[in-house]
Amino acid sequence: MKKLLLSVALIAGMFAANAQEVKFGAKAGLNLASIGGDETDDNKSKVGFHIGGVAEVMFSDKFSVQPELVYSVQGAKAEYTEELFGEEVNYTDKLKLNYINLPIMAKYYVAEGFSIEAGPQVGFLISAEQESEASFDGETESETTDVKEFTSGIDLGVGVGLGYKLEGGLNLALRYNLGLSNINDFDGSDDFKNQNNVLQLSVGYSF
C-alpha cells in the first residue's frame, strides 16, 4: 500500500509541475457492477459503493488530468431455480470483489461546469469472496468461500464519463469502467475469461 500511495504522489507531482492549478477533493457514490465474458448470460448487476480521493490538475480552463485513489466494491450476482427431490430450490450466488483502483482521467470542459472524461485504470485486488445461498421449504442455507487465490491481483480497464461542477466545490459524475483484463487466475483460465464492468454515480467535493 505504501508503494501505491507513493506512485500516486509521484504521478500527481509530475503533472503538478506543469499545471496552472491543482485542486484536491474527495468522492463517494454507488456502483452498479457486473461481470462480462464467458458464461455470464445469467449474471445480474450487483450494487456496491466507492469512496476515495482525487487531485484535479488544471492545465488550462478547458483541459485537466485527474488521478484518483478509490476503494471500490464490485462483482456480480446470479439467481436461478432448480427442482431437487420434488422441492423447488432458489439459488443466489454473489461474487464480491473489493479493489483499490487508480484511475487517471483526462477531462475536457465542453461548457461552463460540464466535462467529458476518459482514461485508463489499474485496480489492486483487496479481497474476493463467493457467497452461495440456497432457499427451500422456508429455510435458507448459505456458505461463503474465499476465492482470492483464484482471482487476478491486478485489474486493468478504461473509464469514460461525464461530470458537472457546481459553485462552491460540489460536483457530480457518471462514469462507466470497462474491464480489459481477465479477472480469473486459475488453471485453464486462459480459456475462460471474465472482465469487470462498473457503472458509477459519484458525488464529490473539491477543496
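FYI, the numbering just counts along the sequence from 1.
- Side-chain contact between N197 and L178 is present, with heavy atoms from C-beta onward closer than 4.5 Å.
- To the nearest 0.5 Å, atoms NZ (K44) and NZ (K94) are separated by 11.5 Å.
- Separation of atoms CG (L172) and CG (L166) is listed at 5.5 Å; rounding is to 0.5 Å.
- Atom NZ of K27 sits about 11.0 Å away from atom OG of S206, to the nearest 0.5 Å.
- Hydrophobic clustering (ILVMFWY, side-chain heavy atoms < 4.5 Å, transitive): V22 and F207 are in distinct clusters.
- The side-chain heavy atoms of I154 and L156, taken from C-beta on, include a pair separated by under 4.5 Å.
- Transitive grouping of hydrophobic side chains (ILVMFWY, heavy atoms separated by less than 4.5 Å) brings F150 and L95 into a common cluster.
- Not a single donor-acceptor pair under 3.5 Å links the side chain of N177 to the backbone N or O of Q121.
- Under the 4.5 Å side-chain criterion, counting only non-hydrogen atoms from C-beta, I104 is not in contact with V122.
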(message) One pair to check against side chain to side chain contact (heavy atoms under 4.5 Å, CB included): S34 and N43. What are the steps and the verdict?
(response) CA-CA 7 Å; S34 61; N43 282 4; over 6 Å; no
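- Under the 4.5 Å side-chain criterion, counting only non-hydrogen atoms from C-beta, Q130 is in contact with D93.
- In terms of heavy atoms, K148 sits closest to I126 at NZ-O, 3.1 Å.
- If you chain together hydrophobic residues whose side chains sit under 4.5 Å apart, V198 and L32 never meet in one group.
- R175 has its side chain out of reach of H50: every pair of non-hydrogen atoms, C-beta onward, lies at least 4.5 Å apart.
- Follow the hydrophobic side-chain contacts under 4.5 Å out from L174 and you reach V158 in the same cluster.
- L162 is listed as a side-chain neighbour of I116, based on a closest heavy-atom distance under 4.5 Å.
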(request) With side-chain hydrogen bond (donor to acceptor under 3.5 Å, both in side chains) as the test, would you mind laying out the steps for S64 and E56 before giving the verdict? (result) CA-CA 7 Å; S64 69; E56 185 174 12; 2.8 Å; yes
(request) Walk me through it: do S127 and N98 pass the test side-chain hydrogen bond (donor to acceptor under 3.5 Å, both in side chains)? (result) CA-CA 5 Å; S127 64; N98 298 329; 2.9 Å; yes
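- In this structure, V54 shares a hydrophobic cluster with no other residue, the cluster being traced through Ile, Leu, Val, Met, Phe, Trp and Tyr side chains under 4.5 angstrom apart.
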(request) Might you work through the side chain to side chain contact (heavy atoms under 4.5 Å, CB included) test for Q200 and S72, ending with a clear yes or no? (result) CA-CA 10 Å; Q200 296 181 321; S72 184; 3.8 Å; yes
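- Side chain of Y205 to main chain of G168: a donor-acceptor pair is present (N/O by atom type, distance under 3.5 Å, no hydrogens or angles).
- Contact of the V70 side chain with the I51 side chain is not registered, since no non-hydrogen atoms from C-beta on lie closer than 4.5 Å.
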(request) Using the side chain to side chain contact (heavy atoms under 4.5 Å, CB included) rule, take Y99 and L125 through it: C-alpha gap first, then chi angles, then the decisive distance, then the call. (result) CA-CA 5 Å; Y99 289 93; L125 184 68; 3.8 Å; yes
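- In this structure the side chain of Q74 reaches within 4.5 angstrom of the side chain of N101, judged on heavy atoms.
- When atom types are taken as modelled, the side chain of N182 and the backbone of N194 share a donor-acceptor pair closer than 3.5 angstrom.
- Between Y80 and Y91, the ring planes are parallel. Angles under 30° get that label, and only those over 60° would be called perpendicular.
- Note: K77 NZ to I35 CD1 = 13.5 Å, rounded to the nearest 0.5 Å.
- In this structure, the separation between CD on E143 and CD on E131 is 10.5 Å, given to the nearest 0.5 Å.
- If you chain together hydrophobic residues whose side chains sit under 4.5 Å apart, F49 and L201 never meet in one group.
- N90 CG to T81 OG1: the interatomic distance, rounded to the nearest 0.5 Å, is 4.0 Å.
- Across all their heavy atoms, Y109 and M58 have their closest contact at CE1-CE, 4.2 Å.
- Residues A118 and V160 share a closest heavy-atom pair of CB-CG1, 4.0 Å.
- The nearest pair of heavy atoms linking V89 to A134 is CG1-CB, 4.2 Å.
- Within the 3.5 Å criterion, the main-chain N or O of D38 finds no donor-acceptor partner in the side chain of K193.
- When all heavy atoms of M105 and G119 are compared, the pair lying nearest together is CE-N, 3.6 Å.
- Side-chain rings of F63 and Y108 stay apart, their centers remaining 6.0 Å or farther from each other.
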